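Notes follow once the structure below has been shown.
Convention: sequence-line order gives letters A, B, ...; per-chain numbering from 1. What you are looking at is a predicted structure, and each value in this text was computed from that prediction instead of being measured.
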Number of protein chains: 2
Amino acid sequence: MINRYLKVGKALAATIKDIAKHTGLGLATISSYLNGGNVREANREKIETAIEELNFEVNEVARGLKTNKTKTIGVVIPELNNIFCAEIITGVEDVLRNHGYATIVCDCRTDKELEKEAVDFLYRKRVDGIINMPVNVDGSHLKSFQKSGKPIVLIDRKINGIDCDCVLADNLTAAKNAVKRLVENGHTKIGMIGGPEEIFTAQERLLGYKTALMEAGIVPEEKLVVQGDYTIDSGVRCLENLVKQNPDMTAVFVANYEMTMGAVIGINELGIRIPEDLSIIGFDNTEFARACKPKLTIVTQPMREIAKNVAQIILKRMEADQRNPEASDFQVIKLQTDIVEGNSVRRI
Amino acid sequence: MINRYLKVGKALAATIKDIAKHTGLGLATISSYLNGGNVREANREKIETAIEELNFEVNEVARGLKTNKTKTIGVVIPELNNIFCAEIITGVEDVLRNHGYATIVCDCRTDKELEKEAVDFLYRKRVDGIINMPVNVDGSHLKSFQKSGKPIVLIDRKINGIDCDCVLADNLTAAKNAVKRLVENGHTKIGMIGGPEEIFTAQERLLGYKTALMEAGIVPEEKLVVQGDYTIDSGVRCLENLVKQNPDMTAVFVANYEMTMGAVIGINELGIRIPEDLSIIGFDNTEFARACKPKLTIVTQPMREIAKNVAQIILKRMEADQRNPEASDFQVIKLQTDIVEGNSVRRI
DNA sequence: TAGTAAAACCGAAACGTTACGGATTTGTCG
DNA sequence: CGACAAATCCGTAACGTTTCGGTTTTACTA
């Protein structure tokens with residue numbers, strides 16, 4: 001009775017057994033066929049028509065149980081509706097799916113608790129690997145997953161305690177070059193809207209800023225640096241503070257996309273003119289920069305490149321760990337950034 | 001020998017059997033405990049410490065095989081780095097994960113072939129349901145998945161052949177109100193940058209545009225309407241065409257976010273002033289609108305609301321289809337849009 | 001304390017696949 | 001045509017759960 005109900009509406013999906021019965025062949029033969037093994041031509045045809053007729057699709061769940069591989073990888077990021085994250089996921093997902101892997105996305109809302117929950121969740125789902133742009137910089141959320149011996153690849157933020165590969169942009173150089181560009185245009189009072197101090201990339205960008213100034217013989221001033229949290233709103237607030245505290249500031253460097261947008265909003269709302277009153281160099285997202293008036297000069301990260309590298313590394317690890325499980329040399333890939341010229345920097 | 005290698009590096013994950021052995025209880029008891037069944041207090045404690053000690057985590061793959069439920073749903077969208085899609089996924093994923101569901105995202109690059117592949121892929125993965133913002137408007141890619149009896153929820157674009165729920169914005173009214181706003185400000189030569197004609201929402205937005213004009217006694221002109229493909233680049237091109245063809249045009253309505261951005265880029269690059277030379281009303285993404293100079297007036301869709309509705313509907317369906325598999329009344333939920341006032345519309 | 005209903009427990013059989021070792025068939029060559 | 005190696009095939013036992021039906025224990029009641 002109950003059974004009847006359970007079956008209603010289901011297309012009672014065909015299994016390998018049905019194919020075996022239908023063709024008169026054995027289980028193992030079908031399985032072998034499905035996994036690229038050799039079967040006699042005649043049987044191959046039989047199997048193929050049977051698959052067609054019963055419209056059989058292999059059950060990846062069963063396969064996963066047996067092989068202990070789910071062909072699924074988890075991606076844990078701070079915010080999906082952050083252009084950088086979205087772009088990375090797009091790229092990663094593309095490569096992975098072409099290799100038969102599914103991508104489970106977990107947006108942890110920049111919350112360490114949620115991040116840990118997400119990793120545990122993915123562990124229970126038995127993903128074959130995790131890609132993480134970490135919020136919790138001590139890496140404790142990854143410890144127990146790592147014990148499973150499955151690969152982890154970090155994006156954008158290195159973590160010291162965790163042995164794994166990492167792909168990121170050369171943030172130090174990126175920031176240094178941006179600030180250098182401002183200096184070369186005659187600016188000396190240069191503000192910076194940076195990210196949270198515990199985040200690795202934020203530290204590097206700040207260091208790049210300071211380095212560029214010092215190399216130009218300018219002493220970095222405390223009050224010209226203000227720290228946001230990588231959100232649009234904080235960009236607005238930071239810009240307002242910076243302007244209020246430093247009436248003599250002539251240029252500002254903003255260290256991520258969201259805050260760049262925020263800074264532009266702040267500038268517009270305060271009625272400040274770019275670049276006459278204030279020069280600005282932002283970060284990421286060429287499209288937004290192009291839509292601004294005047295067009296923004298920005299630092300761009302090679303997001304597609306980052307994504308491709310991440311995907312390839314994790315694929316390589318997943319191949320490798322069966323035959324050579326000994327920890328090998330983990331790599332940190334650092335990619336170069338670029339500057340897209342706009343009209344937001346004035347020569348003074 | 002081989003076995004030895006396979007075990008190296010693995011934390012040889014504990015199973016329910018280990019817990020049973022460790023506690024001296026039976027398999028079924030542990031399983032019952034894990035699923036919220038009753039166990040004697042003393043045993044509960046024993047189980048819990050065993051779980052702790054062996055740090056057992058239930059294998060969702062095995063569970064999925066047995067229960068025929070993967071607690072996973074697939075989302076197929078045209079482009080992840082499209083603000084609308086990203087926002088929807090963020091919202092959906094949030095709700096679903098809170099209910100123990102994982103979300104597999106498939107970005108099909110606005111390609112019908114890839115879209116079909118994605119759906120098949122998800123079927124093989126045995127997802128419990130699919131959420132789709134369809135590219136292929138004839139819905140053929142969904143047919144075979146639908147035979148499995150699992151729920152499908154469409155976003156933003158209704159499909160006639162497919163019986164399922166659908167959540168979207170009231171695009172007709174949205175467009176009508178936007179154009180009405182332009183008319184009320186004295187505009188009569190109003191251009192429109194619309195979307196691909198086969199897409200449902202694009203049709204509705206176009207209809208809204210025409211309706212608003214006609215209600216104001218203005219006859220819609222063929223040459224004032226130009227069709228893009230929802231990308232930034234096409235927004236730029238469309239705007240250029242429109243301006244070239246219609247020197248007397250005083251206002252333009254743009255029917256999605258990406259093209260709005262494109263139109264703004266085009267306007268800036270042509271040196272046209274907003275709103276003195278041209279008034280504009282765009283679509284979606286308040287943040288971008290706010291960052292524009294002058295601030296843009298835009299139509300906003302309740303993306304969070306849409307996402308929440310989508311997630312809830314699919315959850316409901318997944319609950320329901322066990323006890324009452326008979327096709328029930330599918331619903332189309334149409335949510336109202338809003339207009340956020342900026343300074344991009346001039347009164348003439 | 002005996003008797004009973006309810007609660008808690010248990011073993012075994014599935015779910016759909018893969019993988020092992022051995023059995024069968026095929027093709028080739030003297 | 002017979003023999004032998006290579007190629008193909010097969011049955012069975014897992015993988016880690018849930019679930020079914022039945023057995024034991026517990027907690028009451030009389």
Side-chain angles (χ1 to χ4, degrees), chain A residues 1-3 6-7 10-47 51 54 56-71 100 123-126 128 148 322, chain B residues 1-3 5-7 10-47 50-51 54 56-71 100 123-126 128 148 322:
Chain A
M1 190 63 170
I2 285 174
N3 248 328
L6 279 174
K7 262 169 193 164
K10 302 241 166 187
L12 45 134
T15 77
I16 236 181
K17 274 182 203 155
D18 298 320
I19 305 292
K21 217 167 293 172
H22 205 264
T23 56
L25 296 168
L27 269 282
T29 309
I30 314 296
S31 170
S32 158
Y33 165 83
L34 290 174
N35 292 292
N38 282 330
V39 283
R40 250 189 288 284
E41 182 59 16
N43 290 336
R44 197 180 59 72
E45 278 168 15
K46 266 198 271 183
I47 294 177
I51 286 180
L54 309 180
F56 164 84
E57 295 265 11
V58 37
N59 184 328
E60 299 269 8
V61 177
R63 178 181 277 178
L65 175 61
K66 187 67 212 188
T67 60
N68 201 24
K69 302 231 168 316
T70 52
K71 288 276 193 171
Y123 175 61
R124 258 174 279 131
K125 288 275 178 207
R126 294 300 193 270
D128 295 338
S148 73
Q322 351 214 47
Chain B
M1 190 62 171
I2 284 174
N3 248 326
Y5 272 104
L6 279 173
K7 261 170 191 162
K10 302 242 165 186
L12 44 134
T15 76
I16 235 180
K17 274 182 202 154
D18 298 319
I19 305 292
K21 216 168 294 170
H22 205 265
T23 57
L25 297 169
L27 270 280
T29 309
I30 315 295
S31 171
S32 157
Y33 166 82
L34 290 174
N35 292 292
N38 282 331
V39 283
R40 247 188 294 284
E41 182 59 15
N43 291 335
R44 196 179 59 73
E45 280 169 15
K46 266 198 271 183
I47 295 177
I51 288 181
L54 308 181
F56 165 84
E57 295 264 12
V58 38
N59 186 327
E60 299 268 9
V61 177
R63 179 181 276 176
L65 174 61
K66 189 64 214 191
T67 60
N68 201 25
K69 300 230 167 318
T70 53
K71 287 277 192 170
Y123 175 60
R124 259 175 279 130
K125 287 274 177 208
R126 295 300 194 271
D128 295 338
S148 72
Q322 352 213 45

Closest heavy-atom pair, A/Ala13 versus B/Arg126, reported as atoms and distance to 0.1 Å, is CB-NH2, 4.1 Å
In whole angstroms, the gap separating C1' of C/dC15 from CD1 of A/Ile16 amounts to 13 Å
Practice item. Describe the nucleic acid contact of A/Val58 in one word from base, sugar-phosphate, nothing, applying a heavy-atom distance below 4.0 Å. Key: sugar-phosphate
Atom NZ of B/Lys17 and atom P of D/dT18 are separated, to the nearest Å, by 13 Å
Between CG of B/Leu34 and C1' of D/dT18 the distance, given in whole Å, is 11 Å
message: Categorize A/Tyr33 for me: base, sugar-phosphate, or nothing, with a 4.0 angstrom heavy-atom threshold over every strand shown.
response: nothing
Do the side-chain N or O atoms of A/Asn35 get closer than 4.0 angstrom to the phosphate oxygens (OP1, OP2) of C/dT18?
yes
If you look only at distance, which donor and acceptor atoms sit under 3.5 Å apart when one is on a side chain in residues 57-64 of chain A and the other is two or more places apart or in another chain?
residue : atom : partner  : partner atom : Å
A/Glu57 : OE1  : B/Arg124 : NE           : 3.2
A/Asn59 : OD1  : A/Val61  : N            : 2.8
A/Asn59 : OD1  : A/Ala62  : N            : 3.2

Taken to the nearest whole Å, CD1/A/Ile47 to C1'/D/dT8 is 11 Å
Distance below 4.0 Å between B/Ser31 side-chain N/O and D/dT17 OP1 or OP2 = no
Hits for side-chain contact (heavy atoms from CB on, under 4.5 Å) against A/Lys21, two or more places apart or cross-chain, chain-then-number order -> none
Quick tally for nucleotides 5-14 of chain C: nucleotides whose base has a protein heavy atom under 4.0 Å get B, sugar-phosphate-only ones S, the rest -, giving ---SSBB--B
The side chain to side chain donor-acceptor pair (under 3.5 Å) partners of A/Asn43 (sequence neighbours excluded) come to none
A/Leu65 CG to C/dA19 P, in whole Å, measures 12 Å
Sugar-phosphate, base or nothing in reach of B/Thr67, heavy atoms under 4.0 Å:
sugar-phosphate
A/Lys66 meets the side-chain contact (heavy atoms from CB on, under 4.5 Å) criterion, sequence neighbours left out, with none
When every non-hydrogen atom of A/Lys125 is compared with those of B/Lys71, the smallest separation belongs to NZ-O, 3.1 Å
note: A/Lys21, atom NZ; C/dG16, atom P; distance rounded to Å ~ 11 Å
From CG of B/Asn68 across to C1' of C/dG16 the rounded distance in Å is 10 Å
Using residues 27-39 of chain B as the side-chain source, report each donor-acceptor pair under 3.5 Å to any protein atom, sequence neighbours left out, with the distance given to one decimal.
residue : atom : partner : partner atom : Å
B/Tyr33 : OH   : B/Glu48 : OE2          : 2.7
B/Asn35 : ND2  : B/Ser31 : O            : 2.8

Atom CZ of B/Arg126 and atom C1' of C/dT17 are separated, to the nearest Å, by 11 Å
